[in-house]
Amino acid sequence: MNVSPSDLPRSDFLRVLTERGFIHQCSDLAGLDAKAAAGEVVAYVGYDCTGPSLHVGHLLSIMMLHWLQQTGQKPIALMGGGTTRVGDPSGKDESRKILTLDQIAANKDSLKTVFSRFIRFGEAGRDAIMVDNAEWLAPLNYIDFLRDVGRHFSVNRMLSFDSVKTRLEREHELSFLEFNYMILQAYDFVELNKRYGCTLQMGGSDQWGNIVNGIDLGRRMGTKQLYALTCPLITTASGAKMGKTASGAVWLNADMKSPYEYWQFWRNTEDGDVARFLKLFTVLPMAEIARLAALGGAEINEAKKVLANEATALLHGRAAADEAAETARKTFEEGALAESLPSVAVPLAVLEAGLGVLSAFGPDHAGLVGSTSEARRQVKGGGLKVNDATVTDERAVLTLDDLTAEGVIKLSFGRKKHVLLRIA
RNA sequence: GGAGGGGUGCCCGAGUGGUUAAAGGGGACGGACUGUAAAUCCGUUGGCUUAGCCUACGUUGGUUCGAAUCCAACCCCCUCCA
């Protein structure tokens, strides 16, 4: 986005988001700026309950809610308990699986925990609230809904939306169920306006069409002016989608991605992304970020550590971040064995009897590789190490003799993934 | 309801009876080089108790010494017509 000095936002909210690189598109920057300057913005972001945890991809919008609150406005985290029953076709080639109500409820509970790390909930004016759209979507009566809301939607226009168009062009099925998603999301916006005076919906750039639909519906149903604000889709400097690795998404819930792994994820950021990520994913002052971004060559590693520390501290707390940093320092900089590496318990009897290396690395124990066959291949490629010695014989057996002085066996897959085997 | 086209491994996409666990590409992972980066080069990419065995080309049967490839039925998707 090109912003000339003359049209820099006056409100803290938009100024912060602009300088930190959160803004992709806005329906009316000047109008929203005026409202924000007056401190009367109530804004929401919706999260569908399709999985048990949010992932780094969601982090941008969560950070927007964070800054919204920090700059004196009121955030709403909307859980899509209702819309998840329908399924958003945006950015999807194929229909989502239809989740059972139980799954949706379980997912919803599991997602909730993360938000309180980033925004403060409560009863007071600026405190954040969390609501579930099942509250108003579930009781809807079909005929009434069609007459009150459906009549404002033109199928001609709905067909022109990217989410619909790509499905049609690629000749993939788009069920009527999913086709209705945008109507429900639009209705959410209007309903949140009615209930909480919400006038701004934020989200990823892929949500633009859905959000604008809500604004249009609002106008037709007589609400005050609504606004849309989207953040960019984050890809890494080399073009890959962020946060998707072979081992799965980078989850925010600690039980699905440990603080240490989360720290490592940020530590391995590409050079070209460091400054951008510091602005987006930490709350460090801009001046400090500018200093870190100026580091060149190998020194940029210091900036990456700061990024990892700050991002991990935001999500998992300062203590967990410090511990992760210390584990990483011992493991990578001293080559020493860090007690706090992820560990897996093995019964004493198993080691006494002898444990095959392939099995030790496989899913039954360390879980560093997905199968015995993969372990076998990795041995051929020199990718597995036991106590820092490359495994050369796939038939090798681990015994009590392999325990280090610390009483563990260190298994490594590649140079970065380590697991300690401990006697149970 | 009618006519035609199609369903292959993580994804895209070859393959129309015999070394086909299935070309090629992408992605991913490992190795080398580095700075726990990128780029580059090399390797790997179904599972297992791995000189072998098992499972796999929408599903279920059939033909054959032998099938992803031929036949039948069924399921699903797409296009056009009604």
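Keep in mind it's a predicted model, so treat the numbers as computed, not measured. Within every chain, numbering begins at 1; the chains are lettered A, B, ... in the order of the sequence lines, protein sequences first and strands thereafter.
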Selected nucleotide, minimal atom distance to A:D271 side chain, candidates B:C48, B:G35, B:U36: B:G35

Straight-line distance of A:L229 CG to A:L32 CG, nearest 0.5 Å: 6.5 Å

Taking only the side-chain heavy atoms of A:F332 (C-beta and beyond), determine which of B:G35, B:U36, B:G30 contains the nearest atom. B:U36

So which nucleotide does B:G4 pair with, by the Watson-Crick or G-U wobble rule with both distances under 3.5 Å? B:C78

So what does A:G297 hit on the nucleic acid, given a heavy-atom distance under 4.0 Å: a base, only sugar-phosphate, or nothing? base

Between A:T331 and B:U36, does any side-chain N or O lie under 4.0 Å from OP1 or OP2? no

Only one of A:E299, A:E333, A:E310, A:E326 passes salt bridge (Lys or Arg N to Asp or Glu O under 4.0 Å) with A:K305, and that residue is A:E333

Counting any heavy atom closer than 4.0 Å, what does A:W266 reach on the DNA or RNA strands: base, sugar-phosphate only, or nothing? nothing

Using atom P of each nucleotide, how far apart are B:A38 and B:A51 to the nearest Å? 38 Å

Let me know, please, whether A:K385 or A:P363 comes out on the 5' side of the other along RNA chain B by nearest nucleotide. A:K385

Under 4.0 Å: is that the gap between some side-chain N or O of A:S371 and OP1 or OP2 of B:G47? yes

Side chain of A:N268, heavy atoms from C-beta onward: which of B:G30, B:U50, B:U36 has the nearest atom to it? B:U36

Return the pairing partner of B:U64 with a 3.5 Å limit on both distances, Watson-Crick or G-U wobble; otherwise return none. none

Counting side-chain heavy atoms from CB outward, which of B:G30, B:G46, B:C48 is closest to A:R377? B:G46

Positive for ring pair (Phe, Tyr, Trp, His ring centres under 6.0 Å) with A:H316, one of A:W266, A:W263, A:Y260, A:Y262: A:Y262

Give A:K380 one of three labels, base, sugar-phosphate or nothing, depending on what nucleic acid heavy atoms sit under 4.0 Å from its own. nothing

Pairing partner of B:A28, by Watson-Crick or G-U wobble and under 3.5 Å for both distances, is B:U44

Taking atom C1' in both B:U8 and B:G24, compute the distance separating them and give it to the nearest angstrom. 14 Å

Taking the P atom in each of B:A22 and B:G9, what is the distance between them to the nearest angstrom? 15 Å

Is there side-chain contact between A:Q264 and A:F332, with at least one heavy-atom pair below 4.5 Å? yes

Could you check which nucleotide pairs with B:A73 in any of the strands shown, counting Watson-Crick or G-U wobble with both distances under 3.5 Å? B:U59

Test: A:E261 and A:K417 ion pair at under 4.0 Å: no

Contact under 4.0 Å: A:S373 side-chain N or O vs B:U50 OP1/OP2: no

Looking at every strand, decide which applies to A:Q264 at a 4.0 Å heavy-atom threshold: base, sugar-phosphate, or nothing. base

Check the phosphate of B:G35 against A:K416, side-chain N and O only, distance under 4.0 Å to OP1 or OP2. Yes or no? no

Return the nearest nucleotide to the side chain of A:I300; candidates are B:G35, B:C29, B:U36. B:G35

When both distances are under 3.5 Å in a Watson-Crick or G-U wobble arrangement, the nucleotide paired with B:U19 is none

Any side-chain heavy-atom pair of A:K257 and A:V250 under 4.5 Å: yes

For A:G383 and A:E394, find the nucleotide of RNA chain B closest to each by heavy atoms; which residue's nucleotide sits nearer the 5' end? A:G383

Counting side-chain heavy atoms from C-beta on, which of B:G30, B:G35, B:U36 comes nearest to A:A298? B:G35

